[in-house]
There are 4 protein chains.
Amino acid sequence: MKRNKPKYKQIIDAAVIVIAENGYHQAQVSKIAKQAGVADGTIYLYFKNKEDILISLFREKMGYFVEKNEEVIAGKSTAAEKLLVMIENHCRILSEDSHLAIVTQLELRQSNKEIRLKINEVLKGYLHLVDQILYYGIETNEFDPDLDVRLTRQMIFGTLDEMVTTWVMNDQKYDLVAQSSAIHQLLINGCGGKR
Amino acid sequence: MKRNKPKYKQIIDAAVIVIAENGYHQAQVSKIAKQAGVADGTIYLYFKNKEDILISLFREKMGYFVEKNEEVIAGKSTAAEKLLVMIENHCRILSEDSHLAIVTQLELRQSNKEIRLKINEVLKGYLHLVDQILYYGIETNEFDPDLDVRLTRQMIFGTLDEMVTTWVMNDQKYDLVAQSSAIHQLLINGCGGKR
Amino acid sequence: MKRNKPKYKQIIDAAVIVIAENGYHQAQVSKIAKQAGVADGTIYLYFKNKEDILISLFREKMGYFVEKNEEVIAGKSTAAEKLLVMIENHCRILSEDSHLAIVTQLELRQSNKEIRLKINEVLKGYLHLVDQILYYGIETNEFDPDLDVRLTRQMIFGTLDEMVTTWVMNDQKYDLVAQSSAIHQLLINGCGGKR
Amino acid sequence: MKRNKPKYKQIIDAAVIVIAENGYHQAQVSKIAKQAGVADGTIYLYFKNKEDILISLFREKMGYFVEKNEEVIAGKSTAAEKLLVMIENHCRILSEDSHLAIVTQLELRQSNKEIRLKINEVLKGYLHLVDQILYYGIETNEFDPDLDVRLTRQMIFGTLDEMVTTWVMNDQKYDLVAQSSAIHQLLINGCGGKR
DNA sequence: CATGAATGAGCATTCATTCAT
DNA sequence: TATGAATGAATGCTCATTCAT
């Protein structure tokens with residue numbers, strides 16, 4: 001695909017806006033094209049079909065997510081710090097792009113099973129990051145050596161997701177990043193970190 | 001509404017089966033009617049519209065959930081024990097009704113924002129139960145007195161939800177109830193409970 | 001299918017009219033529905049899809065064709081007479097329904113290969129009738145005993161088809177039935193019949 | 001038009017191949033351009049539009065047909081012989097170019113009424129040849145002096161056409177030229193030729 | 001002459017809901 | 001109460017043609 005052409009990103013950004021503002025089921029291809037400033041047919045020069053737009057959207061944005069997280073995590077030396085900056089980063093990115101927050105937390109979940117399976121594939125990269133932090137914390141004796149990494153990752157991911165979704169459903173009216181520290185403490189306690 | 005008439009529950013149970021077996025977007029009213037053994041039009045004698053079926057379904061099932069949980073929680077004297085039986089109960093009910101697990105964890109989440117907001121209303125009864133355990137644990141000095149109840153509730157609920165969803169997505173092929181104890185320990189640690 | 005319900009035939013007759021008057025590629029389902037006096041969706045209670053309308057149309061009309069032909073053929077005792085009444089009958093039916101003539105000779109031939117293969121299946125019943133006349137003529141010594149039935153059937157069918165198509169393409173402005181006798185003589189000569 | 005430029009014939013030959021291999025409705029301009037090794041836009045330097053490609057294709061190929069037929073017919077002295085070589089020639093040319101046979105007998109017939117009318121115009125040159133043979137046969141007393149030339153031409157043309165179409169629909173799996181003699185005899189009989 | 005990216009009109013089909021019986 | 005035939009709005013995608021380069 002022509003992922004480097006400017007119109008590729010142009011269409012994805014248009015999709016985020018249209019989906020956030022109209023809802024998943026009201027995000028017609030023609031609306032996305034109009035928002036992107038191209039003709040309907042042009043969409044199909046860059047994407048196989050509508051489904052491909054949604055999956056590409058998720059892949060592009062999540063790729064940025066994972067990339068940013070890898071950067072900030074690498075800059076910290078303890079597992080606790082790594083987890084904290086990851087949480088802060090997660091909250092910050094979504095706080096800064098309210099459209100993206102709506103799309104990932106609410107709208108894209110209405111897609112059919114096929115799309116969601118592909119989205120889950122993309123998510124695995126993110127889950128892997130969390131695992132790495134946990135393994136690191138166990139190695140450095142910060143965390144309980146008997147920690148069940150799979151369950152703990154589910155706790156961390158589930159907690160973050162629930163926190164953000166609640167925030168979006170409350171119309172993003174409070175400061176999400178400000179909660180990072182408190183939720184971090186809760187999770188670190190869960191991991192058996194020092195209090 | 002005619003919630004006591006036999007056909008009311010008959011249609012709701014049919015909806016659970018049809019949604020679980022066909023997926024949310026393939027669960028047409030006519031399919032639900034056929035499964036329930038009534039005519040399409042009869043559905044509308046018991047429900048305002050399709051949305052009403054889904055919300056009623058959630059309310060009925062979740063009502064049973066909260067009721068059962070209140071029972072088991074009342075039988076325990078410490079907050080930690082209360083949380084444990086709640087988690088066990090949660091896992092057990094979903095383990096025993098695989099259709100319901102699929103519907104609540106995967107399919108019903110594909111519904112639009114409007115339906116999900118109403119579902120969230122129903123969920124508040126459940127969240128309130130968690131809050132009560134947390135307040136109780138703070139009172140009894142089991143939990144950290146400075147615990148942010150709202151955030152902690154999000155952690156508990158998000159973790160449970162993620163755990164069950166992962167289990168459903170893995171085709172329910174391992175023992176969910178068996179994980180109760182481990183996840184309980186993680187969450188209790190998070191709450192500052194004794195180790 | 002509900003082939004006996006009045007709307008079934010109503011829709012097929014509407015399709016003949018719409019296709020004849022607008023052309024194959026301008027015969028939208030909505031136009032057919034409007035002509036039939038039903039809603040678009042009603043079409044799909046009686047037909048699987050648009051293709052099914054066209055094939056059913058051909059099957060219904062051709063069924064009438066074969067049926068009528070069997071009647072008139074049975075009433076004659078020589079192969080030459082049988083062939084004559086078949087030709088007359090063929091010409092008469094199409095002369096009496098100018099819409100049907102346009103649809104079968106011009107418009108339906110624009111359909112894709114899949115539809116045309118199914119139409120050809122239906123046509124086999126008609127070709128079989130011609131074969132029967134030829135075998136009968138050979139038995140009764142009217143026709144050349146060495147007649148190649150397959151080729152001769154192709155001659156008869158090809159000649160009739162070309163004659164009718166030419167007539168339709170000339171806007172049906174001359175009397176088709178009046179040509180029956182002359183074309184019959186040509187074909188009978190071909191078959192080695194007495195002059 | 002630029003009918004002498006090499007790309008003109010190049011595009012027409014590409015069209016024959018693409019239509020034969022993909023079918024009329026799957027023969028997009030872009031596919032023809034690709035097959036011809038030119039850009040989509042280049043097509044429009046040599047042809048007015050897609051319709052023009054098809055009609056030109058037919059004209060070019062049919063021109064060769066008529067030309068060849070005129071040659072072989074001129075070499076024979078009786079009408080019966082002329083008809084025989086014409087039939088043989090017709091069968092031979094299509095036997096030798098299976099792509100062309102598929103295109104003229106099956107695919108091009110799916111075109112709309114407008115194109116088919118123009119194709120018929122081109123065909124008139126061919127029909128005229130048949131007429132000439134018939135007039136010649138009447139003059140030389142080979143054929144019935146009362147022969148209806150127009151009808152007889154329809155018989156000859158319809159028969160040939162049906163024969164070839166049947167052969168193509170049966171995947172060209174038998175020898176078409178070998179049938180020339182038998183079909184010739186049938187047609188000559190029809191014309192009142194000596195037996 | 002040649003290119004190929006961009007255009008945008010056009011349509012079969014589904015399914016929640018109604019209402020005459 | 002119960003039925004189920006009928007309704008009709010709503011949308012993703014293709015492809016012939018253009019035109020700036």
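Just so it is clear: chains get the letters A, B, ... in the order the sequence lines come, proteins before strands, and each one is counted from 1. Just so you know, these numbers come straight off a predicted model, no measurement behind them.
Residues B:Gly41 and A:Ala39 both approach DNA chain E. Their nearest nucleotides, taken by heavy-atom distance, put A:Ala39 toward the 5′ side. Comparing D:Gln26 and A:Gln26 against DNA chain F, the residue whose closest nucleotide sits nearer the 5' end is A:Gln26.
Residue contacts shown for A:Val29 are limited to sugar-phosphate atoms, with no base heavy atom under 4.0 Å away. Counting non-hydrogen atoms under 4.0 angstrom, D:Lys7 reaches the backbone sugars and phosphates but no base.
The phosphate of F:dA2 (OP1 or OP2) has a side-chain N or O of B:Tyr46 nearer than 4.0 angstrom. Note on D:Ser30: every side-chain N or O is 4.0 Å or more away from OP1 and OP2 of F:dC15. One finds a side-chain N or O of A:Thr42 lying less than 4.0 angstrom from the OP1 or OP2 phosphate oxygen of E:dT7. Between F:dT11 and A:Lys50, no contact under 4.0 Å exists linking OP1 or OP2 to a side-chain N or O.
The side-chain heavy atoms of C:Ile53 and C:Tyr46, taken from C-beta on, include no pair separated by under 4.5 Å. With a 4.5 Å cut-off on side-chain heavy atoms, C:Val16 and C:Lys61 count as touching.
For the pair A:Glu51 CD and F:dC13 C1', the computed distance is 14 Å after rounding to whole Å. E:dT14 atom P lies 15 Å from atom CZ of C:Phe47, rounded to whole Å. Distance D:Asp40 CG to E:dA2 P: 14 Å, rounded to the nearest Å. If you measure from atom CG of D:Asn49 to atom P of F:dC15, you get 17 Å, rounded to the nearest angstrom. Between A:Tyr44 atom OH and F:dA16 atom P there is a gap of 18 Å when expressed in whole angstrom units. If you take NZ of D:Lys48 and C1' of F:dT18, they are 16 Å apart, rounded to a whole angstrom. The nearest whole Å value for the distance from the CG atom in D:Asn112 to the P atom in F:dA16 is 13 Å. One atom, CD1 of A:Ile43, and another, C1' of F:dC15, lie 17 Å apart when rounded to the nearest Å.
A salt bridge is defined here as a Lys NZ or Arg NE, NH1 or NH2 lying under 4.0 Å from an Asp or Glu carboxylate O, and B:Lys7 with B:Asp13 fails to meet this definition. Salt-bridge formation is detected for the pair D:Arg109/D:Asp161: a Lys NZ or Arg NE/NH1/NH2 atom is positioned less than 4.0 Å from an Asp or Glu carboxylate oxygen. Using a 4.0 Å cut-off between a side-chain N of Lys or Arg and a carboxylate O of Asp or Glu, B:Glu121 and B:Lys124 qualify as a salt bridge.
Screening residues 33-45 of chain A for salt bridge (Lys or Arg N to Asp or Glu O under 4.0 Å), with sequence neighbours left out, gives no hits.
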- Note on the structure: Pairs under 3.5 Å (Watson-Crick or G-U), crossing ones as [ ], inter-strand ones as |: DNA chain F comes out as .||||||||||||||||||||
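Distance from the side chain of C:Val38 is smallest to F:dT7 among F:dT3, E:dT3, F:dT7.
Using cut-offs of 30° and 60° for the angle between ring planes, the D:Phe65 and D:Tyr126 rings count as perpendicular.
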